[in-house]
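Comments concern the structure below.
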There are 2 protein chains.
Amino acid sequence: MIRNTRQRTAVNAVFDELEGFHSAQEVHARMRAAGDSIGLSTVYRAVQALVEDGELDSIRTDAGEAIYRRCSARHHHHLVCRACGRTEEVEGPTVERWADRVAAEHGFVDVTHSLEIFGTCAACHRAGAPSADRPG
Amino acid sequence: MIRNTRQRTAVNAVFDELEGFHSAQEVHARMRAAGDSIGLSTVYRAVQALVEDGELDSIRTDAGEAIYRRCSARHHHHLVCRACGRTEEVEGPTVERWADRVAAEHGFVDVTHSLEIFGTCAACHRAGAPSADRPG
DNA sequence: GAGCATGTGAGAACTGTTGTCGACTGCGGG
DNA sequence: CCCGCAGTCGACAACAGTTCTCACATGCTC
């Protein structure tokens, strides 16, 4: 049975007040700072549960850290600035259809996909942010 | 000054023989197994240098591990069976153009993207493989 | 070949994450 | 309302991947 605990509720609530992506550690620190007594393990368990429930959306930073945010109902992808980390949601039926079609052509079923776009946002580009090229 | 050492050359050479993505640790193990004496730190340094030189391409797995491969002339994506792990390379100008366009519309420059498609391949589907959904 | 900046490598340190385990507590039943 | 107990908590240890350290080795320039 899945219980409705103070901690779980609290973690969930944090993401109501927060925009964008935040790491488990950050959430933990934020809660502790706010006087909320909660363990780090619990935060990790909570965010994982929330991701499974589809409440949160998770991606991994370039540094390998997992970051989370409230998931909007729509299926979408992320456009991430590699200099300042700013994230924008983008969506496009084009790519959805393409992915499904390609998978189907190869005989794959039950298809999902993950797509992230990285670049340097206008502000950072103006600021002359360095950019590590990443062809691929 | 950047020196041309035996180790650096050797790491680079490994990726000539290897297809697809491989972790630094795997490369290290492989080299040791082949009787090549090299330290793990050195492998890390080497792959990082190679990435900076544009010789290698790096992405991060879901588990947070960094994996590398020779940057192929062709840009393509992966279609991965979530049951047996079989991977097929797919490519499509559609999605490339879409990603670039979307990024440009948001004022992003110097754009790259990462896309993986997950599904159950025909063989595994016939075998009745289970599947874990991952919205996002 | 000499000098020396740069690279190497074993191991320690660090970071983010997951596991452990005794104590705790929501929740359904009585 | 209280009981019982399975699900949960949380401090801490354990882990994995990566980076740092530093004494030693070695390519490169002269």
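So that the names make sense, note that chain A is the first sequence line, chain B the second, and so on, each numbered from 1. Both backbone and side-chain heavy atoms feed into the values below; hydrogens, waters and symmetry mates do not. From a predicted model like this one, the values you see are computed outputs, not experimental measurements.
Taking atom CD1 of residue B/Ile2 and atom C1' of nucleotide D/dT29, one finds them 17 Å apart after rounding to whole Å. Atoms CD1 (A/Ile67) and C1' (C/dT15) sit 16 Å apart, rounded to a whole Å. Note: NE2 (B/His22) to P (D/dG17) measures 16 Å, nearest angstrom. Between A/His28 atom NE2 and D/dA11 atom P there is a gap of 7 Å when expressed in whole angstrom units. Nucleotide D/dC9 holds its P atom 10 Å from the CE atom of A/Met31, rounded to whole Å. In this structure, A/Leu40 atom CG and D/dC9 atom C1' are separated by 13 Å, rounded to whole Å. Between B/Arg3 atom CZ and D/dC24 atom C1' there is a gap of 13 Å when expressed in whole angstrom units.
A/His77 pairs in a side-chain contact (heavy atoms from CB on, under 4.5 Å) with only one of the listed residues (A/Glu116, A/Glu88, A/Glu96), which is A/Glu96.
At a threshold of 4.0 angstrom between heavy atoms, the contacts of B/Ala63 with the nucleic acid are absent. As judged by a 4.0 angstrom heavy-atom cut-off over every strand, A/Ser37 is placed among residues touching the sugar-phosphate backbone only. Among the protein residues, B/Ile38 comes within range of the sugar-phosphate backbone only, with heavy atoms under 4.0 Å from sugar or phosphate atoms but none that close to a base. A/Glu26 comes within 4.0 angstrom of nothing in the nucleic acid, heavy atoms only.
Both A/Glu65 and A/Thr5 sit near DNA chain C, but only A/Glu65 has its closest nucleotide nearer the 5' end. Place B/Ala66 and B/Asn4 on DNA chain D by their nearest nucleotides, and B/Ala66 ends up nearer the 5' end.
OP1 or OP2 of D/dT18 has not a single side-chain nitrogen or oxygen of B/Gln48 nearer than 4.0 Å. Regarding contacts with the backbone of D/dC9, a side-chain N or O of A/Arg8 is found under 4.0 angstrom from either OP1 or OP2. Proximity of B/Arg6 to the phosphate of C/dG7: no side-chain N or O atom is located under 4.0 Å from OP1 or OP2. Phosphate contact (OP1/OP2 of D/dT19, side-chain N/O of B/Tyr44, threshold under 4.0 Å): absent. Note on A/Gln7: every side-chain N or O is 4.0 Å or more away from OP1 and OP2 of D/dT8.
Using a 4.5 Å cut-off on side-chain heavy atoms (C-beta onward), A/Trp98 and B/Val90 make contact. By the 4.5 Å heavy-atom criterion applied to side chains, B/Val51 and B/Gln48 are not counted as neighbours.
One finds no salt bridge joining A/Arg60 and A/Glu65 here, because no Lys/Arg side-chain nitrogen approaches an Asp/Glu carboxylate oxygen to under 4.0 Å. Contact check on B/Arg8 versus B/Glu55 returns no salt bridge, with no Lys/Arg side-chain nitrogen under 4.0 Å from an Asp/Glu carboxylate oxygen.
At distances below 3.5 Å, at least one donor-acceptor pair connects side-chain atoms of A/Arg32 with backbone N or O atoms of A/Ile38.
Residues A/Val27 and A/Phe15 come closest through the heavy atom pair CG2-CZ, 3.6 Å. Contact detail for A/Phe21 and A/Asp57: the closest heavy-atom pair is CE2-O, 3.9 Å. Between B/Tyr44 and B/Ala24 the shortest heavy-atom distance is CE2-CB, 3.6 Å. The minimum heavy-atom distance linking B/Ala103 with A/Ile117 is given by the pair CB-CG2, 4.2 Å.
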Give each protein N/O atom lying under 3.5 Å from an N/O atom of nucleotides 19-23 of chain C, with the pair distance.
{"residue": "C/dG19", "atom": "O6", "partner": "A/Ser41", "partner atom": "OG", "Å": "2.8"}

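The bend of the helix from C/dG1-D/dC30 to C/dG30-D/dC1, defined by the angle between the axes of its first five and last five pairs, stands at 40° to the nearest 10°.
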